[in-house]
Amino acid sequence: MAVRSDASTDRYVTTSLFQLTTFTILGWFRIHASTANWQRFWDYPTPGLWQYLGCDQSVQNIIYADNVHPAGHINICPASVGTWFRTALVRTGPTATGYASAVGNALSNATQTGINALGESLYIGGGESSDEWFNGGAAAVKVYNAALTAAEVEAELAQYQPRRTTNLTNWYPLIVPETTDYSGNGNNLTAGSTETTTEDGPPIPWGSSRPRLIHIPDTGPPAVEDPPVYLRRVAPARR
Amino acid sequence: MATVYQTLTPGSADFLTSAFPQLVRSGASFPVTGLAYDAAIVEAAFWQIRAVNYGSGDLTVDIEWYAAVATSGDVVWAAQVAAMTPDADAQDIETKALATANTVTDTHLGTVGKRPHRAVVTVTNLDALASQDDVWLRIARNATGNTMAGDAILTLATVSYSDV
């Protein structure tokens with residue numbers, strides 16, 4: 001399942017990520033319809049120093065935009081309505097690499113340099129700006145205070161449960177509308193003023209646990225035998 | 001002679017990019033994780049196992065499930081496999097087809113909607129299964145024959161077989 005935003009007041013927010021400049025934000029998003037403005041899947045700004053991942057007004061591209069490049073955002077991959085997209089943004093200081101693809105496609109990436117954005121509040125399922133709200137679904141959002149490699153990004157987007165736990169600061173499965181941070185760091189979300197709903201989520205498993213094998217004999221000796229008992233020969237008593 | 005059991009959890013299921021059951025989590029005292037199969041469309045989940053010590057005979061697939069809302073009706077579960085022998089099969093793994101599904105109809109026992117049930121599918125279409133084969137198991141809820149309304153939530157599946 002996934003959480004559905006359909007109003008500017010449906011966004012979640014956390015203030016647990018204060019001015020990180022090295023981080024990775026991953027998540028699955030599905031756009032339901034175009035709106036009158038651009039849409040922000042997530043937004044990590046301070047006033048005047050903003051950055052967000054989303055889509056353009058006509059849902060042409062998945063994009064990453066920031067305050068240094070207000071007219072020069074990067075297009076990460078083509079966008080479409082009704083399709084789940086796996087996305088990630090890896091930032092290391094002034095450089096950010098965005099990853100995105102429609103479900104079933106290979107990840108595309110694009111890099112932006114010269115970024116000076118500083119986030120203080122992370123909005124999910126919308127943005128700080130009430131007119132650039134997200135009309136769609138969100139699931140499996142994870143945040144790391146480290147730059148993940150491309151291989152790690154690929155692995156993390158393949159399931160809800162984090163594979164890497166080092167540097168994991170926030171984990172919101174968003175299977176149901178809840179604010180709990182499952183990373184164990186207590187960075188819970190604050191819900192918006194209107195309640196989100198649920199919808200069908202992306203085609204990813206919860207985790208990667210493997211099947212368990214049990215081998216039970218039907219008949220014969222037990223699988224684990226008791227240690228053998230040896231009888232000591234005792235000499236017959238003399239008369 | 002022994003019976004080999006392999007338990008498959010909802011959290012480890014894999015999916016195609018469409019028509020798949022939704023992952024759900026609930027439970028007041030402990031987490032109940034499941035795969036919610038829709039009533040109206042055929043949705044499928046997949047697991048890959050290795051047929052460790054498979055001897056012969058049918059596979060038995062136990063499906064533990066409960067109803068999301070209903071308290072009556074039938075659920076038709078389908079299980080099917082594709083088996084491949086590494087270093088022997090020349091078939092392209094990416095175009096390999098599944099054997100014909102086997103099905104079972106399980107009836108909701110009533111009274112309490114979310115009571116657990118166990119449906120047992122005997123998989124007779126084994127796709128020439130041999131010991132140590134790689135096996136892909138598909139579990140689906142058939143649309144035809146279903147009379148139970150709402151989702152059927154799979155909480156566990158178990159595959160068992162004889163080692164002789």
Side-chain angles (χ1 to χ4, degrees), chain A residues 1-4 28 30 80 82-86 101-107 137-140 155 157-163 171-178 180 182 197-225, chain B residues 1-27 31-38 41 43-55 57 61-62 68 132 134-137 151 153 155-164:
Chain A
M1 301 299 286
V3 166
R4 171 84 159 93
W28 282 79
R30 176 164 61 179
S80 59
T83 302
W84 277 104
F85 284 85
R86 50 185 184 146
S101 80
V103 60
N105 291 353
L107 273 177
L157 290 172
Q159 61 182 51
Y160 282 90
Q161 201 172 40
R163 290 172 185 259
W171 173 33
Y172 310 111
L174 300 180
I175 290 174
V176 294
E178 63 179 353
T180 307
Y182 283 82
T197 56
T198 58
E199 63 168 19
D200 286 357
I204 55 172
W206 176 253
S208 58
S209 60
R210 307 310 302 166
R212 286 165 286 174
L213 183 73
I214 305 166
H215 193 248
I216 301 176
D218 290 336
T219 58
V224 179
E225 295 184 77
Chain B
M1 178 179 178
T3 301
V4 179
Y5 295 86
Q6 299 204 32
T7 58
L8 313 171
T9 61
S12 61
D14 209 348
F15 313 106
L16 293 174
T17 56
S18 61
F20 54 91
Q22 288 297 306
L23 182 69
V24 293
R25 296 183 82 208
S26 52
V32 179
T33 304
L35 297 173
Y37 285 79
D38 195 88
I41 59 172
E43 296 179 328
F46 298 82
W47 289 265
Q48 183 188 358
I49 62 174
R50 180 171 166 175
V52 177
N53 277 17
Y54 171 77
V61 178
D62 294 349
Q132 313 304 330
D134 292 335
V135 179
W136 284 263
L137 170 67
D151 286 345
I153 300 175
T155 56
L156 185 70
T158 306
V159 181
S160 59
Y161 49 83
S162 171
D163 70 348
V164 293

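The figures here come from the full heavy-atom set of this structure, side chains too, leaving out hydrogens, waters and symmetry mates. Convention: sequence-line order gives letters A, B, ...; per-chain numbering from 1. Quantities reported herein were computed from a predicted structural model and do not represent experimental measurements.
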Whether B:Gln6 side chain and B:Tyr161 backbone form a donor-acceptor pair below 3.5 Å: no

Name the member of A:Pro173, A:Ala2, A:Gly201 that forms the most heavy-atom pairs with chain B at distances under 4.5 Å. A:Gly201

With chain B, which of A:Gly104, A:Pro203, A:Ala158 has the greatest number of heavy-atom pairs at distances under 4.5 Å? A:Pro203

Please round to the nearest 0.5 Å and tell me the distance separating atom CH2 of A:Trp171 and atom OG1 of A:Thr180. 11.5 Å

Donor-acceptor pair, distance only, cut-off 3.5 Å: does the side chain of B:Gln22 make one with the backbone of A:Met1? yes

B:Asn53 portion near chain A, given a 4.5 angstrom heavy-atom threshold: side chain

At a 4.5 Å cut-off on heavy atoms, which part of A:Pro202 comes close to chain B: side chain, backbone, both, or neither? backbone

Closer than 3.5 angstrom, by distance alone: can the side chain of B:Trp47 be matched with the main-chain N or O of B:Thr9 as a donor-acceptor pair? yes

Residue part contacting chain A, namely of B:Val24, when any heavy atom lies under 4.5 Å: both

With distance as the sole test, does A:Arg86 use its side chain to make a donor-acceptor pair with the main-chain N or O of A:Leu157 at under 3.5 Å? no

Tell me, side chain or backbone of B:Leu35 under 4.5 Å from chain A's heavy atoms, or both, or neither? neither

